[in-house]
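Everything on this sheet refers to the single structure shown next.
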Amino acid sequence: MSQLPSIVTNTWAQTSIDCAPDALIMVAPDLSLVWANEAAEQLLGWPRGERLQRSIVDLLHPEDLTLAGLAFGTVQDKEMGAPLELRVATPRGWVLVEIVGRWAKHLGEHGMLVASLRDLTQRRRWDLATRDDEQLRRLVDHADSVTILVGVDGCVMSHSPALTRQLGHDPEVVQGGAVADLVVAHDRAALTALLDGMLSRHSDGMVHRQTIELGLISTRRPDPVPYELTIVDLHSDPIVGGFVITAHDLSRLRVAQRALEHQALHDELTDLPNRRMLMRQLQTWLGEGRCVALAFLDIDRFKPVNDLFGHEAGDTVLRALADRLLDGAARFRGAIVARHGGDEFVVATCVDEDTAPMSAALLAGLLGDALRLPIRLPVGPLQLSASVGAATSLELNDAEALIAAADAQMYVHKRASRGAPTLDSTVDTRRELAEELVGAVARGEIVVYYQPIVDLRTREIEGVEALVRWQHPKRGLLAPAAFLSIAQDIGLDREIDLFVLETACRAVAERIRDSDQHLKLTVNISADHLADVDVPTTVARVLDKSGLPAHLLWLEITEHAVLQQPSHGPDTTVLAAFDKLNRLGVRLAIDDFGTGFSSLASLVSYPINMVKIDRSFVEGVESEQRSAAMVEALLALSHRLDITAVAEGVEREEQVDELIELGCRLGQGFLLGRPSPQLPGALVRSPLGPNSSGRYFPGSTKAS
Ligand code: C2E
Ligand code: CA
Ligand code: CA
């Protein structure tokens with residue numbers, strides 16, 4: 001118990017003052033503390049006698065000094081000061097007290113301030129919990145951010161329901177536990193250090209605020225959830241006495257950020273890294289002093305792909321190429337495959353210095369290979385080529401320079417290969433093919449393949465169809481689809497048809513002479529030729545020259561070429577030509593029957609001897625009712641009209657069974673024999689046909 005100044009001498013009075021529940025202090029006009037009762041000593045935590053005579057400025061919270069100063073000034077003129085709420089330093093930290101002072105004039109020389117201090121903490125807490133704050137509570141409960149009150153010991157004092165809502169934690173478990181337990185292990189130390197730092201640094205009692213981004217543990221997902229924590233240090237606030245942490249979920253923001261970043265660094269069409277990302281990666285590698293090998297690819301004649309087939313096709317090509325490059329680059333660990341621009345791609349990877357040139361060559365090979373196989377487009381397979389260049393960072397330690405070097409080498413290659421054939425079907429290629437087709441017959445590049453027409457029951461060969469091929473010196477064996485329309489464009493189709501007719505007639509006549517195998521021969525003829533007055537004459541001459549009996553030759557004309565105007569009755573020119581040929585003894589066949597406009601009835605209008613049922617009907621003959629019905633009707637009619645029917649494109653034994661069932665005697669197709677440069681023997685033994693040498697190289701547009 002402190003001794004009252006001598007003026008207070010009555011022991012009763014002294015005892016009652018000491019026992020008073022309120023803290024009482026006396027302050028001299030120089031702000032020094034001259035006396036305090038026991039309650040004050042307890043509140044302020046002073047060992048006896050200490051602090052007396054010290055300035056009360058040390059007692060008060062810095063932020064409250066101004067207010068206190070003002071009050072101190074005014075109280076001297078009044079009897080009783082107004083109650084004031086101030087924070088005072090205690091061993092528990094800052095405590096909010098209500099101070100009521102009164103100036104006692106008679107004490108000392110100039111009077112003294114007698115003040116009572118009442119601890120408001122409890123009352124305040126109570127107020128907060130009860131009074132106006134149901135609304136505030138709702139606000140916190142339903143806020144989108146998580147609020148956590150953490151004590152100076154790092155344990156959770158309380159938290160808002162959002163913590164459970166968003167992260168799934170059991171409130172019971174969280175309450176009282178370390179706040180660090182909510183944080184992923186990786187970020188725990190950072191949070192603890194931050195809280196400790198705030199505690200030790202901010203003893204000035206000011207409100208401090210810090211922000212940290214870290215991962216919080218969720219009971220619902222395996223991955224940490226990114227949160228931004230704003231920590232307000234209220235450890236010296238008597239009401240809070242800790243930290244208020246407000247946590248915002250950053251997931252959505254992060255997703256958006258990542259998408260934006262991805263967008264900025266990737267190509268939209270192929271999703272490959274774009275030029276920016278490529279440069280960034282190269283700069284990183286070079287900055288780390290690593291050796292880089294890089295290859296640069298540019299598609300040859302890409303523009304015509306867009307022009308001829310549309311931008312969809314162009315996009316398909318780029319995407320397909322991107323996939324292939326990714327597949328190929330998988331062999332080089334850590335390689336980056338980037339779309340450098342339009343139709344330019346770059347693959348780069350870190351390599352050993354010793355083997356850098358070899359790695360660059362390997363990369364270049366990889367890029368060159370990417371277009372080896374055609375790319376499937378709705379219009380058919382498209383064979384493209386590309387020019388490739390490569391460079392290493394052995395001499396060039398700059399990303400731009402490295403790309404420029406590979407680009408330059410690519411350009412040299414492109415120029416060197418200009419004129420060299422590429423297997424695409426762009427306008428340029430058509431032009432090249434047209435030029436090369438001139439003289440192809442004379443040079444012996446046009447050859448005839450034969451595909452057997454077979455008796456479905458006995459598998460005996462009844463005849464052959466002559467099919468033209470172009471044995472191209474550089475592109476390999478080309479299918480009719482790759483060059484017949486070009487031949488037509490430049491008027492070489494007659495020459496080619498005549499060559500096939502002559503060659504096939506000679507070969508079959510020779511076979512008949514040498515054995516007693518009586519092969520029929522079917523030869524395709526371009527529709528336009530039918531109107532030629534000299535076709536029958538030419539055919540007669542060829543038959544004569546080869547010695548092939550006329551009745552063994554069948555001319556195949558595609559259905560839609562012949563029977564174009566079924567509603568207007570038979571085409572008189574065609575009819576006349578057919579007549580002449582018939583009179584020669586030559587037979588006529590309708591090719592691809594069912595694909596044009598004609599009805600079955602049109603068969604009656606023309607002197608037709610054979611129909612070749614199109615592959616599209618044969619394809620579904622054993623599975624689709626419509627196809628089967630069509631084939632059946634056609635067979636019935638051809639029987640009545642004495643027209644021979646041949647099923648085209650027979651590929652499976654099931655089709656053979658069904659065709660026999662429907663009454664079809666003859667068939668043609670890969671199952672029964674592939675086109676071959678030699679005439680077949682008498683019998684087809686292997687279900688796969690005599691050989692498969694009729695296969696095309698990848699460059700041709702139609703497989704056979
Ligand atoms: P086309 O007259 O319908 O000939 C049949 C085509 O189907 C041939 O293709 C043949 O290889 C193919 N083929 C045969 N069996 C099967 C099979 O089981 N499955 C499949 N998927 N295909 C089969 P090719 O040789 O490419 O001939 C294409 C077309 O070119 C011919 O169709 C014909 O219209 C025309 N053509 C062929 N040679 C000549 C010719 O010398 N002159 C004229 N003007 N056109 C010809
Ligand atoms: Ca044909
Ligand atoms: Ca056909």
Side-chain angles (χ1 to χ4, degrees), residues 380 440-441 446-454 456 463-471 477-488 491-505 507 520-530 532 535 539 542 553-562 587-596 610-621 645-656 659 666-677 680 684 687-697 700-704:
V441 175
I446 302 299
V447 292
V448 180
Y449 273 54
Y450 301 96
Q451 186 176 29
I453 296 169
V454 177
L456 292 172
V464 289
E465 176 176 13
L467 293 163
V468 70
R469 299 285 181 269
W470 181 4
Q471 185 64 63
L477 191 67
L478 298 186
F483 63 92
L484 275 188
S485 70
I486 298 173
Q488 220 165 14
L492 285 178
D493 51 340
R494 284 170 174 72
E495 190 193 351
I496 290 172
D497 276 6
L498 181 61
F499 170 77
V500 172
L501 182 70
E502 282 177 340
T503 311
C505 285
K520 286 176 182 140
L521 169 67
T522 79
V523 177
N524 296 280
I525 114 158
S526 288
D528 313 15
H529 295 193
L530 285 177
D532 288 3
V535 163
V539 172
V542 171
L553 179 66
W554 303 64
L555 294 180
E556 288 192 24
I557 303 120
T558 46
E559 178 207 27
H560 37 286
V562 184
R587 310 295 172 91
L588 294 167
I590 299 283
D591 206 350
D592 304 340
F593 193 88
T595 59
M610 180 191 276
V611 284
K612 299 191 79 174
I613 306 170
D614 191 65
R615 189 151 58 89
S616 51
F617 295 102
V618 176
E619 170 56 39
V621 75
V646 178
E648 283 192 308
V650 178
E651 295 181 346
R652 297 182 295 275
E653 288 293 350
E654 295 85 328
Q655 291 171 321
V656 173
L659 287 165
L666 298 175
Q668 183 182 350
F670 291 170
L671 175 74
L672 307 163
R674 284 181 181 265
S676 142
V684 181
L688 289 172
N691 67 46
S692 55
S693 55
R695 285 224 187 101
Y696 301 109
F697 284 102
S700 55
T701 49
K702 188 174 175 184
S704 167

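Each ligand, and each atom within it, is numbered from 1 in the order the structure gives. Counting begins at 1 with the first residue of the sequence. All values reported here derive from a predicted model rather than from experimental measurement.
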Any idea which heavy atoms bring Pro480 and Val468 closest together, and the distance?
CG-O, 3.4 Å
For side-chain contact (heavy atoms from CB on, under 4.5 Å), just list the numbers for Ile525 and Val535, CA-CA rounded to whole Å, side-chain angles, deciding distance to a tenth of an Å, and then say yes or no.
CA-CA 10 Å; Ile525 114 158; Val535 163; 4.2 Å; yes
When you compare the side chain of Val650 with that of Val454, does any pair of heavy atoms fall below 4.5 Å?
no
So Cys505 and Leu521, do their side chains get closer than 4.5 Å, heavy atoms only?
yes
The Ca ion (ligand 2) -> Glu465, closest N, O or S atom is OE2
Would you say Thr522 has an N, O or S atom lying under 3.0 Å from the Ca ion (ligand 2)?
no
Does any N or O atom in Gln668 lie less than 3.5 angstrom from one in ligand 1, N or O only?
no
Is the shortest heavy-atom distance from the side chain of Thr522 to the side chain of Asp591 under 4.5 Å?
no
Between CD1 on residue Ile496 and OG on residue Ser526, distance to nearest 0.5 Å
8.5 Å
Nearest-option assignment for atom 43 (C) of ligand 1, heavy atoms, candidates Leu467, Val448, Asp497:
Asp497
Per-atom filter on ligand 1: closer than 4.0 angstrom to a heavy atom of Arg615 are 19 (N), 20 (C), 21 (N), 22 (N)
Under 4.0 Å from a heavy atom of Glu648: give me the atoms of ligand 1 that qualify, with their elements.
3 (O)
Asn524 side chain to Ala466 backbone, donor-acceptor under 3.5 Å
yes
Would you kindly specify which portion of Ser526 sits under 4.0 Å from ligand 1, judged on non-hydrogen atoms: side chain, backbone, both or neither?
both
Applying a strict 4.0 Å limit to heavy atoms, is Arg469 in contact with ligand 1?
yes
What atoms of ligand 1 come within less than 4.0 Å of a heavy atom belonging to Pro675?
11 (O)
Any idea which N/O/S atom from Asp591 gets closest to the Ca ion (ligand 2)?
OD2
Give the atoms of ligand 1, by number and element, whose distance to some non-hydrogen atom of Gly649 is under 4.0 Å.
16 (C), 17 (C), 18 (O)
min-distance N/O/S atom, Glu556 vs the Ca ion (ligand 2), resolves to OE1
Any atom of ligand 1 sitting under 4.0 Å from a heavy atom of Lys612?
no
Within the stated cut-off of 3.0 Å, is an N/O/S atom of Asp614 closer than that to the Ca ion (ligand 3)?
no
Name the one of Glu465, Lys612, Glu556 that satisfies side chain to side chain contact (heavy atoms under 4.5 Å, CB included) with Val646?
Lys612
Heavy-atom side-chain contact between Asp497 and Arg494 under 4.5 Å
no
Kindly indicate, with the supporting measurements, whether the criterion side-chain contact (heavy atoms from CB on, under 4.5 Å) is fulfilled by Leu484 and Asp493.
CA-CA 7 Å; Leu484 275 188; Asp493 51 340; 5.7 Å; no
For Val500, the ligand 1 atoms whose distance to one of its heavy atoms is below 4.0 Å:
41 (O)
Below a 4.0 angstrom heavy-atom separation, can you tell me which part of Asp592, side chain or backbone, both or neither, approaches ligand 1?
side chain
Element-labelled atoms of ligand 1 that are located less than 4.0 Å from some non-hydrogen atom of Asp591:
1 (P), 2 (O), 3 (O)
Side-chain contact test, heavy atoms from C-beta onward, threshold under 4.5 Å: evaluate it for Arg652 versus Leu671 and give yes or no.
no
Distance in Å, Leu553 CG paired with Arg587 CZ, rounded so as to fall on 0.5 Å steps
10.5 Å
Is there an N/O/S atom in Glu648 at a distance below 3.0 Å from the Ca ion (ligand 2)?
no
Report yes or no: does Ala481 have a heavy atom closer than 4.0 Å to ligand 1?
no
Looking at the Ca ion (ligand 3), is one of the N, O or S atoms of Asp592 less than 3.0 Å from it?
yes
Under 4.0 Å, heavy-atom basis, I'd like to know which part of Ile496 is in contact with ligand 1: side chain, backbone, both or neither.
neither
Tell me, with the steps shown, if Ile446 and Thr503 meet side-chain contact (heavy atoms from CB on, under 4.5 Å).
CA-CA 10 Å; Ile446 302 299; Thr503 311; over 6 Å; no
